[in-house]
Trainee: 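Let me give you the structure first, and then I'll get to my questions.
A note on names: the letters A, B, ... follow the listed sequences, proteins ahead of strands, and every chain is numbered from 1.
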Amino acid sequence: FVLSEKDIEESLFELQMVLLESDVAYPVAEAITEHMKKELVGTHRKLRESADDVVTDALRHAIEKVLGEGFDLVSYIKNHEKPVKILFTGVNGTGKTTSVAKIAHYLQSQGLSVVVGAGDTFRAGAIEQIRVHCERLGIKLIAHQEGADPSAVLYDTVEYAKAHKTDVVLADSAGRFHNRVNLMNQLEKIKRVMKPDLVFYVDEAVAGNDAVIRAEEFEKTVSTDGVILTKVDMDPKGGAAISIAYTIGKPLVFLGVGQGYDDMKPFTPSLIIDEIFG
Amino acid sequence: TLSNSLKDAMKKLAGKTVIDRAAVDELVRDLQRALLSSDVNVKLVMELSKQIKARSLDENLPKGINAREHVLRIVYQELVNLVGKEAEFSLKPQKILMAGLQGSGKTTTTGKLCRYFQRKGLKVGAIGADNFRPGAYAQLETLCKKINVPSYGDPKEKDAVKIVKDGLAALKDVDVVIVDTAGRHALEDDLIDEITEVNAYLKPDHRWLVIDAALGQAARDQAKRFHEAIGIDGVIVTKMDGTAKGGGAMSAVAETQSGIVFIGNGETIDDLERFDPNGFISRLLG
Ligand SMILES: Nc1nc2c(ncn2[C@@H]2O[C@H](COP(=O)(O)OP(=O)(O)OP(=O)(O)O)[C@@H](O)[C@H]2O)c(=O)[nH]1
Ligand SMILES: Nc1nc2c(ncn2[C@@H]2O[C@H](COP(=O)(O)OP(=O)(O)OP(=O)(O)O)[C@@H](O)[C@H]2O)c(=O)[nH]1
Ligand SMILES: [Mg+2]
Ligand SMILES: [Mg+2]
């Protein structure tokens with residue numbers, strides 16, 4: 001059997017719906033289905049296979065390729081000159097501060113020493129929030145007063161790590177929108193001063209089509225090294241993971257699956273794929 | 001861009017006095033793309049498409065307007081039907097309960113609402129009933145102190161109902177009490193139970209769902225659960241100063257059979273405005 005466009009049209013439409021209802025951004029769902037149509041038309045299918053099976057299988061493989069294999073952060077740190085400096089960034093409310101706390105906890109549990117920089121000096125209660133997290137976890141925090149220059153705080157955090165031979169610096173930063181030029185300039189300045197080894201972009205699983213726009217903009221401004229997708233417990237199908245990975249082609253590092261300190265899973269593709277394909 | 005293809009499809013109908021099926025089909029396809037890219041619920045988009053197609057082809061072209069205007073009117077009417085309903089509230093003494101997903105903007109919006117009522121000449125106070133997030137009360141207190149509005153909170157108290165009880169006593173001299181709560185989602189049964197208890201104790205005049213403008217397809221199921229739990233009677237869409245179109249808000253409004261009360265469009269305490277359906281819809285269409 002050679003597959004014609006007619007054979008797979010309906011299955012492709014069904015699958016595009018599956019992607020859309022799993023909260024994959026519209027242009028990404030469309031691009032993936034278009035790509036699959038080109039790949040499949042003219043290929044052979046076995047007698048026992050239905051067009052539906054062929055298409056579903058191909059989609060599964062396409063998504064696996066888009067999502068990538070994750071990023072072994074602990075190996076990266078162990079093989080890298082210390083301190084390894086990681087900057088966390090993203091738009092407002094996506095879970096950056098909570099992710100910094102969870103990852104600090106995770107790295108400590110893997111035998112690494114961590115210092116956290118309170119890089120959000122703007123939002124009300126931000127310093128108090130990270131201070132409480134660090135006190136609970138027994139993690140060293142470097143903070144200045146509210147309204148201080150974030151670049152100065154994070155510079156001091158790096159200096160502290162160098163002086164104390166700390167393995168990892170985790171730098172929190174204020175939520176900011178990609179269409180705020182002054183805030184994106186501030187982010188660029190933070191990056192120039194702090195010189196992070198890794199920039200982790202944090203977004204949430206429940207974000208829809210805007211996840212694509214903002215991932216693109218942050219990628220352009222600060223060139224991210226990895227993505228942390230939070231609130232996957234809120235939206236287990238996690239379509240935003242596909243949207244973001246497709247758009248900026250960077251690895252997914254962790255999935256946030258709750259508000260507790262242990263609710264941070266190193267990314268593996270099956271975590272998302274099994275939810276979408278059941 | 002999407003809005004260009006929608007405009008082109010509209011142009012194809014321009015000047016026609018008879019609406020042909022092919023032109024309507026093309027227009028509806030472009031409309032679907034625009035709405036789906038704006039996070040409107042997939043099933044809702046399909047229902048809207050059917051409605052718009054049927055009305056465009058079945059309804060007689062009113063005298064004096066061309067095919068393009070006719071279809072455009074139908075599209076706008078159908079969309080206004082979904083978000084146009086006014087969420088009523090008045091400037092009298094009242095209690096307002098804030099609810100929503102983690103990080104949606106509840107605490108910030110509570111501060112903004114305090115500012116809003118203060119400017120209208122009412123005495124207002126806020127209760128920080130978020131018993132979970134570190135620094136939650138510090139955040140609310142800082143916002144309220146900036147505008148000289150009293151607030152109550154107790155970071156050591158784990159019982160949200162008790163915080164509300166003590167807060168009401170502490171704020172007995174204000175007209176408007178706004179209660180901030182911890183973020184929660186549909187799959188957290190214990191937290192849904194908690195807000196059900198807070199609602200039952202507080203008996204608020206309004207229960208407003210705060211949703212992020214960028215919320216995608218999850219909007220429908222989340223709004224549904226909140227509505228079943230506490231009977232949402234208004235929706236506030238935050239972070240509209242970003243690039244998100246707010247399509248999820250349509251589902252929130254549809255599931256709660258309410259309307260959009262306010263729009264949050266910035267991080268400062270004054271960045272709150274009343275909802276304008278026409279502006280919202282044109283942004284939604286690209
Ligand atoms: N359910 C769930 N909630 C989460 C997760 N990660 C973070 N949160 C919650 O999301 C809310 C916002 O988290 P924050 O860490 O303050 O987010 P942020 O990005 O630092 O916010 P800003 O600094 O204001 O931009 C908090 O209530 C967190 O507990 C997650 O994986 N699952
Ligand atoms: N740009 C912009 N930022 C906003 C808006 N509303 C809230 N924010 C920001 O979004 C982030 C989250 O706001 P919060 O008020 O902490 O959200 P929340 O719902 O109380 O969060 P939880 O209590 O953790 O569930 C903060 O950085 C706010 O400053 C808005 O309308 N525009
Ligand atoms: Mg933060
Ligand atoms: Mg809050």
Trainee: At what distance, to the nearest 0.5 angstrom, does CD of A:Gln129 lie from CZ of B:Arg133?
Mentor: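 So the CD of A:Gln129 and the CZ of B:Arg133 are separated by 4.0 Å.
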Trainee: Can you tell me if CD on A:Glu10 sees more than 12 non-hydrogen neighbours from other groups inside 6.0 Å?
Mentor: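 Count not over threshold, so no.
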Trainee: Between B:Gln102, B:Met46, B:Glu141, B:Gln222, which shows the greatest number of heavy-atom pairs under 4.5 Å with chain A?
Mentor: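 Option with the top pair count is B:Gln102.
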Trainee: Using a 4.5 angstrom heavy-atom cutoff, name the option from A:Val206, A:Val132, A:Ile127 with the most pairs to chain B.
Mentor: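 Between A:Val206, A:Val132, A:Ile127, the count favours A:Val206.
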Trainee: Between B:Leu143, B:Asn41, B:Leu101, B:Thr108, which has the largest tally of heavy atom pairs under 4.5 Å with chain A?
Mentor: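 Highest number of pairs under 4.5 Å: B:Leu101.
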Trainee: Could you have a look at B:Gly216, B:Ala138, B:Ser38, B:Gly105 and say which one has the most heavy-atom pairs with chain A under 4.5 angstrom?
Mentor: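 Heavy-atom pairs under 4.5 Å are most numerous for B:Gly216.
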Trainee: Where on A:Asn179 is there a heavy atom nearer than 4.5 Å to chain B: the side chain, the backbone, both, or neither?
Mentor: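 Contact with chain B involves the side chain of A:Asn179 alone.
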Trainee: Would you mind checking which part of A:Ile213 comes under 4.5 Å of any heavy atom in chain B, side chain (CB onward), backbone (N, CA, C, O), both or neither?
Mentor: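 Answer is side chain: those atoms of A:Ile213 sit under 4.5 Å from chain B.
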Trainee: With chain B as the partner, which of A:Ala124, A:Gly93, A:Gly125 has the greatest number of non-hydrogen pairs under 4.5 Å?
Mentor: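 Maximum pair count with chain B is reached by A:Ala124.
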Trainee: For A:Asp235 and B:His185, what are the C-alpha separation, side-chain angles and deciding distance, and is it a side-chain hydrogen bond (donor to acceptor under 3.5 Å, both in side chains)?
Mentor: CA-CA 9 Å; A:Asp235 189 358; B:His185 61 78; over 6 Å; no
Trainee: Rounded to the nearest 0.5 Å, what separation is found between the OG1 atom of B:Thr243 and the CG atom of A:Asn209?
Mentor: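 Interatomic distance, B:Thr243 OG1 to A:Asn209 CG, rounded to 0.5 Å: 10.5 Å.
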Trainee: Which one, B:Pro134, B:Ala186, B:Gly135, leads in non-hydrogen pairs under 4.5 Å with chain A?
Mentor: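 That would be B:Pro134.
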Trainee: If you count heavy-atom pairs within less than 4.5 Å of chain A, which of B:Lys43, B:Lys146, B:Glu188 leads?
Mentor: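 If we count pairs closer than 4.5 Å to chain A, B:Lys43 comes out on top.
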Trainee: Specify the closest pair of heavy atoms between A:Asp210 and B:Ala214, including all atoms of both residues, with the distance to one decimal.
Mentor: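 Taking every non-hydrogen atom into account, CB-CB, 4.0 Å.
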Trainee: Flag the one option from B:Leu140, B:Asp212, B:Asp241, B:Asp221 with the top tally of heavy-atom pairs under 4.5 Å to chain A.
Mentor: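 Looking at each option in turn, the highest pair count goes to B:Asp241.
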Trainee: Would you mind telling me which of A:Arg123, A:Glu128, A:Met234 has the largest number of heavy-atom pairs within less than 4.5 Å of chain B?
Mentor: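 Option with the greatest count: A:Met234.
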Trainee: Kindly compute the distance separating CG (A:Asn92) from NZ (B:Lys239), expressed to the nearest 0.5 Å.
Mentor: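 Rounded to the nearest 0.5 Å, the CG-NZ separation comes out at 6.0 Å.
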Trainee: How far does CD of A:Glu204 sit from OG of B:Ser104, to the nearest 0.5 angstrom?
Mentor: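 Reported to 0.5 Å precision, the distance equals 9.0 Å.
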Trainee: With a 4.5 angstrom heavy-atom cut-off, which part of B:Leu187 approaches chain A: side chain, backbone, both or neither?
Mentor: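 B:Leu187 touches chain A through side-chain heavy atoms alone.
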Trainee: Look at atom NZ of B:Lys158 and say whether more than 12 heavy atoms of other residues, nucleotides or ligands are closer to it than 6.0 Å.
Mentor: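 Buried by this count: over 12 neighbours within 6.0 Å.
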